[in-house]
Structure formats: C-alpha cells, structure tokens
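For reference, the structure discussed in these notes is given below.
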There are 2 protein chains.
Amino acid sequence: MSASDCAPRSARDVARYDLEADVVVVGLGMAGACAALEAQAAGADVLVLERASGGGGTSANSGGLIYLGGGTPVQKACGFEDTPEEMFRFLLAASQPGAREEKIRLFCEGSVEHFHWLEAQGVPFKRSFHPEPGMESPTDDCLVYSGGEDCHPWSALARPAPRGHKPQTEGKAGPYLMQRVLDTVARRGLRVRGDTRVGRLVQDPADGRVVGVVGRSAGEALLVRARRGVVLCAGGFVMNDAMLFRHAPILARCSMRAGTDGDDGRGIRMGQAAGGDVVRMGQGEVALPTTIPNRLSRGIFVNRQGQRFINEDTYYGHIGIESLFRQQGRVYLLLDEATYERGLLGLQATWVAESVAELEAESGLPRGALEATLSFYNRHAAQGEDPLFHKRRERVQPLERPPFALIDSGTHAAIYATFTLGGLETGAAGEVLGPDGVAVPGLYAAGRTAALFCGSGYPGSGSSLADASFFGRRAGRAAAANA
Amino acid sequence: MSASDCAPRSARDVARYDLEADVVVVGLGMAGACAALEAQAAGADVLVLERASGGGGTSANSGGLIYLGGGTPVQKACGFEDTPEEMFRFLLAASQPGAREEKIRLFCEGSVEHFHWLEAQGVPFKRSFHPEPGMESPTDDCLVYSGGEDCHPWSALARPAPRGHKPQTEGKAGPYLMQRVLDTVARRGLRVRGDTRVGRLVQDPADGRVVGVVGRSAGEALLVRARRGVVLCAGGFVMNDAMLFRHAPILARCSMRAGTDGDDGRGIRMGQAAGGDVVRMGQGEVALPTTIPNRLSRGIFVNRQGQRFINEDTYYGHIGIESLFRQQGRVYLLLDEATYERGLLGLQATWVAESVAELEAESGLPRGALEATLSFYNRHAAQGEDPLFHKRRERVQPLERPPFALIDSGTHAAIYATFTLGGLETGAAGEVLGPDGVAVPGLYAAGRTAALFCGSGYPGSGSSLADASFFGRRAGRAAAANA
C-alpha cells in the first residue's frame, strides 16, 4: 500500500497462501498463549507464529506475578476478604485519569474465574501469603500486596487486599509460568510455528478486513491466511530505540529495559498501518525498588529541592512513575543509623555524614532544605504521624540517629526498570480500534502490543501479565467467533 | 477501505473528480494560509478547502503572539541581542525530553527570514518592547518575554532574549493577524472554497500515495484531485471529547479549551487512516495565568502538601503544565498584604486570615506545612535569595505582613486554558511520517494537526503560531515540489 515496510499487503495481490487457519496468533508470550488456548476452546483451528525458536517472550523473563482478586481461593485461604467491587474501586482510582472503566469492570468481575482457568491450564498457586509487599516472594509463596493497596491514598478508597498472585515455584516465576502454559499449549495440540517472523498483515482493500499475515521463515516468505481473525500478541516497543525516542523519550532514561528482542514494536506498527489507533504511547511501568525490603521505607524520599513527594511505603512502581515523570528522575532516599541497611539492590549510601547539613553540602541539595524537611517530618513522626503523605504508622519513625545516609536513587546508581504500557487501542473484546473508535475488522491485539487496561500509571505488579492473559483470552474467543 | 468514516477512499473507486489542483490545503487558519501562499509562490496551482464560511480558525481566536528570534529587527531595535544559537539553546532545553532537534534548528536558523516573510505578507510588527512578560501586550507594542527566558532554569542555559512578537494592533492580535494574512491570500488570487468539509483522503492503493480528498459542500459530495499533494491544516482535537478522553484525559480537567468547532481531530484521524503516526497525543499547552501581572509572582505557589514547586516568576504556561501534570492540578498562590492585588483574572482570595496557621486550617492544607514552607522561604527571601527555585531577585521578598491570602488556582476558580500539542508526526518538510518513520507519499500536515516541534512541554507563548506558520510554509513548498 505504501513505502512503509509495515504496511499491509492487499489481499488482491496474494495469489495463494502457504498456510491457513481460522485464527492466526502472532507471538507466543502470555497473551498469545492465552489467546490461542481460548480460540481453540471456542472451536477454531488456530495457528501460532513466533519469531523466536520457542515461546515465552518477555513473560518468561518476568517475575511471574499476576494481579487477581475479588475473592480468589488464595485470598480466602489466607484470610483476606476481597470482592470484585473493592478490586474495581482500587483499580479505577489507581488508573485515573483516563481509566478504561468497562475493561476494568470486566477484569474485576472475571478475576476469580480467570484464576480457576489459569489453574486449569496447569499454573498452580499455593494457598499462602508472603508479607513483604511489592514483588514476588523468593519462596514459593503466592500472595503479596503488589500495588500499595494498604497504603495512602488507596487504603482510604477501597478495602485493602493483596492481589499479586505468584505461581507456585521458588524465586522468579516467569519462566515456570510460561513453561506450564506452553506445556498446555503443546498438550492441546495447538499448531505453533517458531522461527517465523511476521512483518505485515494482509488486508482486504474492499472492506479493510484483516485476512492474513505475511511472515518469513528460513529466509522464505510465508503467506498465512486467517479465516476469522489475526491476534497480535507481539510484545511492546521498549527495545526499539527509535520508537522509544519518538513516543516515550522519558523512558529512555531508565537504566534497565524489561523486554526481549521481540519488543521492537512491530506488532503495534503493523496494527497502525492497518488502521489501528495507538494510545498512551508515552507511558511505562517504572520500577524504582530502592525501598525493598519495605522497612527501608522508614527513610524518606526527597527530590532535588530536598522535599518529600510520596509516602515511601507504597509500591515501588508508584514511586518510580512519580520520580521519573514528576520529579525529573532526581530523587534521594534519606536514612539514619537506625534505619539504614543495604536493600535488595545492595545499594550503598551515596553520601554519609554525621549531620544533615553535611549531607546537603556533599550531595548538592539546597542548604537548609533537607534540614527543614527532616525537622518537619521528625516532629510529626515522633507522634507516629505523617501529615503530608500519610505513610503507614509502622513505617513512621523519626530519623535522628547519626550518621545519616543519602542514597542517590535517580541515577544509574539505582535501577529504573521499565517496559512500555502504550500500544494499540483495543475494545473489551480485544478488537483493535481505529482513530474514530471503529474496529478494524478481523484484527485483535493483546499483551503489550495493546495499551494496558489502565488509564494513566501502573496500578501494581502483576497488572501486565493479568491484562495480557485476561484480555488475551477474550481476544482469542472474539477472533474465533468472528465468522 | 474499512468501516471507519475517516478511512481513505481508494483512487480506484473514483471515476471523476469535481475539482483539481496541484496542492490541496485543508483548513485556512495560520498553517493553511502559510502553506497555500508558499505553495503558490513555488509555482503550484493551489486550492484551499475550509469548513467554516471564512478563514481564520483558532489562530484568529488567539492572542496572536508569534515566537521569533535569532536577531529580528524588533529585537535589534529594542536593544536585545539574540542569535539563532541562543534561541536554539533555549528551545532545545525547554523542549526536553524528546526535542525534535532538526526541526528546532531549522526553525531558529530560519526565524529572521520568517519574520521578514510575515511582514511581506502584510503583518506589521512595531519596533517596541512591552516589559510585562508572559502574554501579548494590551497596547500595540510588540516584543515580550513569553517563555520565561530570563527565569530559572533557562536564564543560566541561554542568553535571555524576548521572542514573543505581537502584530501591531491594540489588544488581542489573533483576529488582526489572520485578517492581514487572509487579505494577502485574497490579493494573491488563491482559490479558497469555504463551507467545504473534508472528511477523507483519496489514496492510491498501489503505492499509498495521497492523491486527493473527499469533501462535502452544500450537501453534495465533492471529489478533489491533488496532483502533487495534500496539506492537512485542520486544527487539533481539543474540542473532540472522545479523542480528548482517549488520548489526553488530564487536559479534560481544564476549565477552558482554546479552539473552534474545527478542532475536532478530523485532520489527525484522516492522516492516521492514511498511514500516519501520531505522537505526544497526551500533551497540551496549559495556561495558568494566576501570576499576571508578573509582580504577583512575589507570592509563592504551593501544592496540596503546602510545598513550593516552581519559581513563580516564570511563564504561566510552564506553571500550568507543572501544576496540571505534576501537582495533580491542585495548587495555591499565597500572598500577603504587601503583595496582594487582583490580577488579570480578577481572582479574589479564596481564603484570607491573619495568620498562616489559620489559612492552613481554612484551606485544609496539612497543619504546619505552609508555615514551614513560608518560614524557610522568608528566611532566605530576607536576603533576596530563593535557594529552592531561584526566582529572580526582584520578585523575591518575604511574605510577612498580615492578612495573608490564599488563591485556589487549581480549580474552576482559576483558569486552566488548554489546547492540544500532539498530532501527526511530521518530518522537517511537513511530510507525514508513518509508524516506521517512512513518509506517506503526497501527504503533509502543519499547525495543530501535526505535533508541535517540541518534545515535551510548551516553550512559550507564540510557539504554536510560530510552528504553524514556519512549518506550514515548508509543507506548502514541499507539496508544490512533489512531482
């Protein structure tokens, strides 16, 4: 259609197809696997094309947490009350502005069913709670507070419940999660073709319907017909420097990108070229895990002006987004002798001094600013209070025992890990929507090829895999049902 | 091509055209007028289609400031030294992250020539300076500091120079500016067709080339062939609620939208449907003019935590973006008896009290927070210093004379005026770029249908008209040169 190398090929120009299926799924990470399984369950003949030799994608490289709630068996077994409505309240609030209310509602109402479905695909969850919030447990324990649900401001808006669910395995669960899901994909006899890179869609010029894909495999072009639909589950664009600079330049400042080579944005660009709209392309998950373990949040974060800017006890993803997008990425954690320890990252104090005034001088913070901040903080902390940011009482204690330490958390000394949250705009069935809100017929997307279900921000660890799996399933079903 | 009502029509399906031109310009605001004039000057037969009965668009509704520099005759006459390099330094810094360096360089290097060109089109500029910064003068004076160039942090990065140029007329200059430009359009005999709404492009399915437009006029379809190219200058999308919610939900909080009915995003959507990419769709100009006149910046802005967050003397557009995007839109201006006055907006103090502690109680700010902030500020202000934000010395004075006043500047009591800055991604010649950076042949865009030349933020008043006129001209020339 144009000089663009992502532009769809016209179906008129395709004389014959090498392969056919009812539903063609592009990419075999979490979203693609779930789409394929559900399309097959709905009676469709499915073909999955994956550019790597095997499935897994970025999901297999993740911590494996999945955000689920509303009263899952794990939540119940661990004594946490949760309802779809409380989960909805949290996610809606944490997703503003621009929350996709319909998607969030579907996601919350379907969450318990989704939990059972995942278990039925061979992904087990231990009925146990891990008290350290924020990220997956190092043990095989399951449930964690992964979005600051029990922290300000969310704790006042919805009854707190932990919703991060980790598959039952020691340590990082992404590889195990994907192994279990891929085993099921294999057991169900799904057709998967690896080492096959999809570069373009095939589109009927008469009505814009997507009817296939153009791939390459072993140096040969491969034309694949999709009788009912194509589901793009090809990852995000965090590994594409040009796209990152164009759409999300602030994310390029992060020291670590969570992705594989596959996250080159090709899926998004193919979808755009076929008429899909993109949204929230500037947004990302941003992890700043300085306060792991969470007792490090007894310290205080300050910005370049020596001012506090967040309740330190909250999810490190909220801290990361706040730091990078609103504090110019220049933030520091102040600790005293009583609260200092080397946390998860093993970070050493950047500056240590016997007085806060010395710390200001060494770090270049404005003279007196940190002292003023600490004086205000300590005065209230002595009474267990944090009137500015309402940190949980158990994390509030005066910082008064020298030496004092300041950890530069905004530069490469710390870790800002990121992946992209923007992508193709999809409806609740995973259908790709055009700029005027009309679906591109035959085209679906899920996982990070699509924009996350949230408006702005990133509500908690496990949201991306939850979105990928839940809406991946819906996309697979919708494509299968598309006559 | 699809069910989308913005999708291009295939040239194969067009049996005959009602009208023809070398270059078809869609929209007759500042960008469209400049594109048309330059395309004609380059030898093209031009046709302008405008949905309103007459030209002007949102440009005619603006203050009329145009950001120009590098040593314009007005700058020189008023004794301000400026060079393209200093202008570039300021714009590059103020445009980070994601500054479009090539465009900014072209813009700075071409700025003096652009000034002369505007005068040659009948837009006069008085050789005079207006000392009140931020917005156009109420008199017919020309030059103003319109981007905080002489304020922190820019003043340390580039030699300050005022660059806001107002056409020579009393008061708001947008209507006059557009009248002069439209007079020239008429005098040059350019073909303009009003009351003609363009809804789709016509695209050659063979190579993706844009070869015309589909319009409606007096209830009849109108097919227009463009032999060389189409330039979309159809405004932004601030008046389209669905698009604003989808792409820029935070801007929907603004109490005033600067636009006309034409800013419905149609131009952007047509361009997308033809293969164009969109960038920075979440961004907007955000004006929070609480500190006009600028001596009101002797007060201090605080956020919900009672903390300062910006040097108050800077451009109210920087303050607006900072307030809305980074301070949740909840900001307050604190004044004392010595600094209080009702400014441009005529805002009255929301709360008045004999002590700051009372103000805190009345406004609901955390107890002691404002007192701590003010104590720190006053201590340094007594020495003419602002160690946190480096406000200009002449605006720094202790706030110590009761009664104290707090103006709620973040709600509907104040004015957040906005327009959108995101749109089609264009190259330096105004060519519309697809998701992989390849131009859509025959398609150009300028004005707010295209993304502003800057990365993030909005560098100063007059940037939008400057971008529209400068890159509008380039788009017109490129389209005319397109064989």
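Naming: A, B, ... by sequence-line order, numbering from 1 per chain. Because the structure is predicted, anything quoted here is derived from the model rather than measured.
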Taking [X] for its side chain and [Y] for its backbone only, find out whether a donor-acceptor pair lies under 3.5 Å.
X: B:R9; Y: B:V202; result: no
X: B:T449; Y: B:G235; result: yes
X: A:E360; Y: A:L365; result: no

Sort out for me which of [options] touches chain B most, counting heavy-atom pairs under 4.5 Å.
options: A:I250, A:V279, A:D277; answer: A:D277
options: A:R269, A:R326, A:M281; answer: A:R326
options: A:S456, A:G368, A:G265; answer: A:G368
options: A:A369, A:G434, A:G282; answer: A:A369
options: A:H247, A:R266, A:E425; answer: A:H247

Has [X] got more than 12 heavy atoms of other residues, nucleotides or ligands less than 6.0 Å from its [atom1]?
X: A:E102; atom1: CD; result: no
X: B:E371; atom1: CD; result: yes
X: B:R197; atom1: CZ; result: no

Sort by residue number and list every residue of residues 382-391 of chain A having at least one heavy atom under 4.5 Å from chain B. A:P387, A:L388, A:F389
Partner residues of B:Q283 under the side-chain hydrogen bond (donor to acceptor under 3.5 Å, both in side chains) criterion, sequence neighbours left out: none
So what's closer than 4.5 Å to chain A heavy atoms on [X]: side chain, backbone, both or neither?
X: B:R367; value: backbone
X: B:A242; value: neither
X: B:F376; value: side chain

Can you see which heavy atom on [X] is nearest to which on [Y], and at what distance?
X: B:N311; Y: B:R308; result: CA-NH2, 4.4 Å
X: B:T373; Y: B:Q307; result: OG1-CA, 3.9 Å
X: A:P205; Y: A:A11; result: CD-N, 4.0 Å

Best-contacting candidate, B:R100, B:Q327, B:M243, B:Q96, against chain A by heavy atom pairs under 4.5 angstrom: B:R100
Where does A:R304 contact chain B at under 4.5 Å (heavy atoms): side chain, backbone, both or neither? neither
Between CG of A:L244 and CG of A:D264, what distance do you get to the nearest 0.5 Å? 12.5 Å
